[in-house]
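Chain letters run A, B, ... following the sequence lines, proteins first, then strands; residues in each count from 1. Keep in mind the model is a prediction, meaning the values are calculated, not measured.
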Protein chains: 2
Amino acid sequence: MLQPDHELDGFSRRRQIIDEATTLFLQRGYAGTSMSQLAKACGMQKASLYHHFPTKEALFVACATDGFDEAIAELAAIRADPTLDDDERFRRAIHAVYRINIDSACGRMAPLIAEVSRTIPAVARAFHDEFIMHQHVLMNGIIDDGIARGSFQAPERLGFEHMIFGPVVSLSLEREMFTTFDKFDTLRPIERIRTEHAELLLRLLHGADGGARGTAGRGRAGRAR
Amino acid sequence: MLQPDHELDGFSRRRQIIDEATTLFLQRGYAGTSMSQLAKACGMQKASLYHHFPTKEALFVACATDGFDEAIAELAAIRADPTLDDDERFRRAIHAVYRINIDSACGRMAPLIAEVSRTIPAVARAFHDEFIMHQHVLMNGIIDDGIARGSFQAPERLGFEHMIFGPVVSLSLEREMFTTFDKFDTLRPIERIRTEHAELLLRLLHGADGGARGTAGRGRAGRAR
DNA sequence: GGGGGCCGACCGACCGGTCGGTCTCCCGGT
DNA sequence: ACCGGGAGACCGACCGGTCGGTCGGCCCCC
């Protein structure tokens, strides 16, 4: 195992390289980022990078799989929080899913992983197993808990999952695609979309066209705002 | 103006180059595709490519903006079809949106455009204005028609739009990311997801938690299957 | 004095793009 | 009927530059 670096004055070179590389990868893509650019951004020589990572691929894998657990931690905490009623827990979970996939570095890696998935299949596998699936499992757990308590009605699970995560992932991709638009934030007002998205999903969970059956323990189930 | 090529025995070199390039770009990404590889795939010399396209960027723009209209034509036809009732029209529109964004070449371009959006902003702009927006407009038109006829209730429009297109776009991205998985089709059974997705959306359009108000002319509004 | 972190110089391969030149076909003049 | 030549499609060779990666050695802290 690698020891955690020399750590002179609280400064880990490996950490710095991963951070700078992540920034560059997100900005220019995998093939569009050269090791020389990265070395310059780190204030060192290219050869020195190869003391910390054997290849560019290995460096990318380190970037892409860095911080899975921290990114998802918030969602896990929300599921475990006993002070929330089911509706509010779901709202906060949606909130967290937006942050995880749109704000966090590893969430924004998705388009990059698509770019390299043919040449580095392992990173796609890890991303799926340790990032996407964990989110799905946590979210399904929150829904199952609500169903068990009678707050929610069971939706068609596959379609519903995709209606939870799909809009978030596509928003993340669109933000990458349209970063050069000066008005992207007004074009896609993320906060408002997120709120409406959560309320629409809740409406489905509350049993849509069959009317309200078994809605005990609904809590303050009305619309926010 | 460029005349439409010499067209000897019904074979357009420009067309061939665009088709081969699109295939390669989708397989290996923009930076990952070299003009030499493309020349070999076309059975010609690299220099000859530059008789048809001035730069690699111009070639990519030609690929990315090729076939917008054909891809969207189906959706436009569905909106204009007078023989459909509103529910069935919506179902077929969702179907078409899946085909447009997942099967057609220009729909699958989205991750690529994200890759090059910084270096070729024009292509992101064109993709947004002439592909994404046209789909949104058509889809909103179908919903508005249904509302005007009393078949649908107006949903929160922004959130609803994202619940229509988000899952499709994310499915397209996931298919790119996980092409190396041998079992992707069972992992994400597209047909079943699409059907459940459409039915859940229809449930929202039929006025979910407020109960059914103003549902005249609903037609056969029940669930398919 | 020994070892890890770092460096300048360098490698072969490949990149996007250009060059001069060849081949073929068409077309107008005679 | 023939010919000259212009134009477009195509090609082999080559350009400067950059890529990912390597090597031998220096420097500094233990």
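With sequence neighbours excluded, the residues satisfying side chain to side chain contact (heavy atoms under 4.5 Å, CB included) with B/Pro121 are A/Thr180. A/Arg28 meets the salt bridge (charged side-chain N to carboxylate O under 4.0 Å, His left out) test with no other residue; sequence neighbours excluded. For A/Arg89, the side-chain hydrogen bond (donor to acceptor under 3.5 Å, both in side chains) criterion is met by no residue, not counting sequence neighbours. A search for side chain to side chain contact (heavy atoms under 4.5 Å, CB included) contacts involving B/Ser117 returns A/Thr179, B/Ala124, not counting sequence neighbours. For the side-chain hydrogen bond (donor to acceptor under 3.5 Å, both in side chains) test, residues two or more places apart in sequence or in another chain that qualify with B/His136 are B/Glu161.
With A/Glu20 contributing its side chain and A/Gly43 its backbone, the two residues share no donor-acceptor pair below 3.5 Å. Between the side chain of B/Arg175 and the main chain of B/Ile102, a donor-acceptor pair closer than 3.5 Å is present. Checked by atom type and distance alone, the side chain of B/Lys46 never pairs as donor or acceptor with a backbone atom of B/Ser34 at under 3.5 Å.
At D/dC10, one or more side-chain N or O atoms of B/His52 fall inside 4.0 Å of OP1 or OP2 (strictly under the cut-off). Side-chain N/O atoms of A/Arg13 include one lying less than 4.0 angstrom from OP1 or OP2 on C/dC6. Remark: B/Gln45 is in phosphate contact with D/dG12, judged by side-chain N or O atoms under 4.0 Å from OP1 or OP2. Residue A/Ser48 places at least one side-chain N or O closer than 4.0 Å to OP1 or OP2 of C/dC7.
One can place CE of B/Met44 at 20 Å from P of C/dT22, the figure rounded to the nearest angstrom. If you take CZ of B/Arg14 and P of D/dA9, they are 11 Å apart, rounded to a whole angstrom. Protein atom CD of A/Glu57 is 14 Å distant from nucleotide atom C1' of D/dC19, rounded to whole Å. The separation between A/Leu49 atom CG and C/dC7 atom C1' is 12 Å, rounded to whole Å.
Within residues 19-35 of chain A, no residue has any heavy atom under 4.0 Å from DNA chain C. Contacts between residues 113-122 of chain B and DNA chain D, defined by a heavy-atom separation below 4.0 Å, involve no residue at all.
Evaluation of the ring pair (Phe, Tyr, Trp, His ring centres under 6.0 Å) test over residues 86-105 of chain B, restricted to residues two or more places apart or in two chains, returns B/Tyr98-B/His197. Within the structure, side chain to side chain donor-acceptor pair (under 3.5 Å) contacts touching residues 118-135 of chain A (residues at least two apart or in different chains) are A/Asn101-A/Gln135, A/Arg118-B/Glu176.
Between A/Phe53 and A/Ile18 there is a side-chain heavy-atom pair separated by less than 4.5 Å.
When the local axes at the two ends of the helix from C/dG1-D/dC30 to C/dT30-D/dA1 are compared, using 5 base pairs at each end, they differ in direction by 0° after rounding to 10°.
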At a cut-off of 3.5 Å, list every protein nitrogen or oxygen paired with a nitrogen or oxygen from nucleotides 22-26 of chain D, distance to 0.1 Å.
none

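Picking from D/dG12, C/dC15, D/dC19 the nucleotide with the shortest atom distance to the side chain of B/Ser36 gives C/dC15.
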Anything under 3.5 Å between a donor and an acceptor, one on a side chain of residues 59-73 of chain A, the other on a protein residue two or more places apart or in another chain? List them.
{"unit_1": "A/Thr65", "atom_1": "OG1", "unit_2": "A/Val61", "atom_2": "O", "d": "2.8"}
{"unit_1": "A/Asp66", "atom_1": "OD1", "unit_2": "A/Arg15", "atom_2": "NH1", "d": "3.4"}
{"unit_1": "A/Asp66", "atom_1": "OD2", "unit_2": "A/Arg15", "atom_2": "NH2", "d": "3.0"}

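Looking at A/Arg203 and A/Glu199, no side-chain N of the basic residue comes within less than 4.0 Å of a carboxylate O on the acidic one, giving no salt bridge.
Heavy atoms only, all atoms of each residue included: B/Ile78 and B/Ala96 are closest at CD1-CB, 3.8 Å.
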